[in-house]
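The structure under discussion is supplied below as structure tokens; questions concerning it will follow.
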Protein chains: 2
Amino acid sequence: MPDVTVPPALPPEFGVYFALLEVSALVQHGVEGQLRRDGGLSFVQFQILAMCGEDPSSPKSMTDLADRLVHSKSGLTYQVGQLAKAGLVERVPSPHDDRAVNVTLSAKGAALLERVLPGHVAVVREVLVDALDDVDRDELTRLLGMVLRHMRSQPRRSARRASPPS
Amino acid sequence: MPDVTVPPALPPEFGVYFALLEVSALVQHGVEGQLRRDGGLSFVQFQILAMCGEDPSSPKSMTDLADRLVHSKSGLTYQVGQLAKAGLVERVPSPHDDRAVNVTLSAKGAALLERVLPGHVAVVREVLVDALDDVDRDELTRLLGMVLRHMRSQPRRSARRASPPS
DNA sequence: AATAGATAGTTCGAATTCGAAGGAGTTGGT
DNA sequence: ACCAACTCCTTCGAATTCGAACTATCTATT
């Protein structure tokens with residue numbers, strides 16, 4: 001019998017880490033089915049549409065979308081291409097920066113978003129929102145907001161690895 | 001200005017949804033870099049190793065892993081294949097069920113896991129754990145645990161068949 | 001036992017993802 | 001005006017992911 005080395009247990013405060021990952025994965029999975037059925041959309045595509053519809057007065061660049069959705073830029077190029085091909089979004093050259101491309105919802109895209117949203121809301125409610133009462137839900141929102149602020153305040157992705165030797 | 005913006009069409013209690021998704025994506029992204037650098041592992045591969053090392057006395061089947069990591073079975077087959085090819089895990093036929101395959105850490109896999117874990121813990125701590133004080137972190141853990149229980153009480157992920165409700 | 005229906009895992013093709021490399025535009029210092 | 005460094009986005013190839021179809025095994029009912 002191979003002696004099984006017991007891997008070092010993680011510190012107990014890391015329960016929050018695993019719980020977070022699993023909850024988020026389960027929510028995404030639950031939502032993906034609905035989006036596919038009701039609108040033929042992948043989760044990422046839905047996120048792009050939702051973000052574009054969020055505030056039409058401030059158009060979103062590819063980089064804005066990639067940062068917020070935590071997606072690679074090349075992946076975004078691909079998905080925005082798919083959505084554009086389907087006539088759901090339009091690429092609009094930025095007036096201020098000739099390098100940038102803004103992505104806006106087309107009328108068709110806005111209509112699809114509205115068609116998909118009720119079912120989406122229902123699934124998220126069933127799977128996530130209804131798991132907690134109002135007080136606990138507000139508390140969870142507050143705590144996640146704190147984490148988000150903490151993360152956003154940290155250095156960008158160009159984080160150089162601190163050489164540990166010294 | 002609120003920390004968490006929500007598309008106008010969504011009820012306000014859905015802030016928790018967007019916050020959850022973004023936090024989780026950022027944590028994963030932060031962790032991926034460290035895993036790749038320190039161990040040449042993808043996040044999924046690390047999760048598989050970590051889960052196998054969690055409690056060697058209770059071996060994990062492919063389905064166990066797929067359910068817990070919220071991954072497709074075919075994707076798991078691929079990744080376990082990669083890990084086995086690298087000599088990090090071993091496929092062991094289940095003694096109780098000839099259909100099932102259990103995945104166990106090899107000595108090499110356990111060693112790699114131990115080598116990668118300290119840096120991993122450091123990144124998770126920096127990015128997530130340190131965002132909150134002890135009280136808030138425990139509270140977040142508790143709330144996520146409640147959501148998890150709620151989700152798990154619902155039909156399994158594998159439950160997917162066209163069976164007419166007679 | 002014998003059958004039907006679930007379950008475990010794999011294989012396959014198609015779609016998606018990422019990182020690296022590259023083209024084009026912008027910025028700031030001189 | 002110039003040049004270097006930076007940013008925005010796309011293209012490309014390789015790796016990963018999923019769902020559907022399939023084989024083999026288990027379970028429950030008859």
Side-chain angles (χ1 to χ4, degrees), chain A residues 25 28-37 40-48 59-86 89-103 156-158, chain B residues 25 28-33 35-37 40-48 59-86 89-104 155-164 166:
Chain A
Q28 281 191 41
H29 189 273
V31 150
E32 264 162 14
Q34 180 265 328
L35 291 173
R36 186 83 59 183
R37 278 191 305 274
L41 291 170
S42 71
F43 184 58
V44 180
Q45 290 171 341
F46 168 76
Q47 283 183 299
I48 295 172
K60 310 291 185 290
S61 71
M62 298 293 283
T63 300
D64 290 339
L65 294 168
D67 269 353
R68 184 83 171 284
L69 306 184
V70 196
H71 236 66
S72 68
K73 285 186 170 186
S74 50
L76 251 210
T77 295
Y78 174 77
Q79 285 298 0
V80 169
Q82 297 295 107
L83 292 172
K85 200 186 303 177
V89 301
E90 282 158 16
R91 296 158 184 262
V92 181
S94 165
H96 296 305
D97 189 332
D98 281 350
R99 299 168 300 178
V101 175
N102 289 331
V103 183
R156 280 275 181 184
R157 316 185 168 167
S158 14
Chain B
Q28 281 191 41
H29 189 273
V31 149
E32 265 162 13
L35 290 173
R36 186 81 61 182
R37 278 192 305 273
L41 291 171
S42 71
F43 184 58
V44 180
Q45 291 171 340
F46 168 76
Q47 284 183 297
I48 295 172
K60 309 293 185 290
S61 71
M62 299 293 284
T63 300
D64 291 338
L65 293 168
D67 271 351
R68 183 84 169 285
L69 306 185
V70 195
H71 235 67
S72 68
K73 286 184 170 188
S74 50
L76 249 216
T77 296
Y78 174 77
Q79 285 297 0
V80 168
Q82 297 295 107
L83 292 172
K85 201 186 302 178
V89 301
E90 283 158 17
R91 297 158 184 262
V92 181
S94 165
H96 297 306
D97 188 334
D98 281 351
R99 299 168 299 180
V101 175
N102 289 331
V103 183
T104 64
R156 269 283 192 193
R157 291 208 313 125
S158 312
R160 272 303 204 87
R161 259 321 170 207
S163 44
S166 58

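In this text, all values refer to a predicted model and were calculated from it rather than measured experimentally. A, B, ... follow the sequence lines: proteins, then strands. Residue 1 opens every chain. Scope of the values below: all heavy atoms of this structure, side chains included, with no hydrogens, waters or symmetry mates.
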Minimum-distance pair of heavy atoms, taken over all atoms of B:V44 and B:Q79 = CG1-CG, 4.2 Å
From C:dT17, C:dT11, D:dC8, nucleotide with atom closest to A:Q79 side chain | C:dT17
For A:V80 and A:V89, work out which heavy atoms get closest and say how close.
-> O-CG2, 4.0 Å
Has B:R36 got a side-chain N or O lying under 4.0 Å from the OP1 or OP2 atom of D:dA15?
-> no
B:D97 CG to C:dA6 P: how many Å, rounded?
-> 17 Å
Given atom CG of A:D98 and atom P of D:dC8, what is their separation to the nearest angstrom?
-> 14 Å
How do A:R99 and A:S74 order along DNA chain C: which one's closest nucleotide is nearer the 5' end?
-> A:S74
Once you round it to whole Å, what is the distance between P of D:dC18 and CZ of A:R37?
-> 17 Å
Atom-to-atom span, CG of A:L41 to P of D:dC18 - whole angstrom = 18 Å
Closest nucleotide of DNA chain D for A:A100 versus for A:E32: which of these residues is on the 5' side?
-> A:A100
Gap between atoms CG and P, on B:L69 and D:dT17 respectively (whole Å) | 11 Å
Can a side chain N or O of B:T63 be found less than 4.0 Å away from OP1 or OP2 on C:dG9?
-> yes
Residues A:P95 and A:N102: closest non-hydrogen pair is CD-ND2, 4.2 Å
Would you mind classifying the nucleic acid contact of A:T77 as base, sugar-phosphate or nothing, using non-hydrogen atoms under 4.0 angstrom?
-> base
Nearest-neighbour nucleotide for the A:K73 side chain, D:dC8, C:dG19, C:dT11 considered | D:dC8
Taking all non-hydrogen atoms of both residues, which atom of B:K73 and which atom of B:A66 are closest, and how far apart?
-> CG-CB, 4.3 Å
Identify, between A:Q45 and A:H96, the residue whose nearest nucleotide on DNA chain C lies closer to the 5' end.
-> A:Q45
Rounding to a whole Å, what distance do you find between A:K60:NZ and D:dC9:C1'?
-> 18 Å
Separation of D:dA15 P from B:H71 NE2 (nearest whole Å) | 17 Å
Run the side-chain contact (heavy atoms from CB on, under 4.5 Å) check on B:V103 and B:K60 step by step: do they pass?
-> CA-CA 6 Å; B:V103 183; B:K60 309 293 185 290; 5.5 Å; no
Is A:S61 touching bases, backbone alone, or none of the nucleic acid, heavy atoms closer than 4.0 Å?
-> sugar-phosphate
d(CD, B:Q82; C1', D:dA14) in whole Å = 12 Å
Nucleotide nearest B:Y78 when distance is taken to its side chain, options D:dT17, D:dT10, C:dA15 | D:dT17
Reckon A:R91 has a side-chain N or O less than 4.0 Å from the OP1 or OP2 of D:dT10?
-> yes
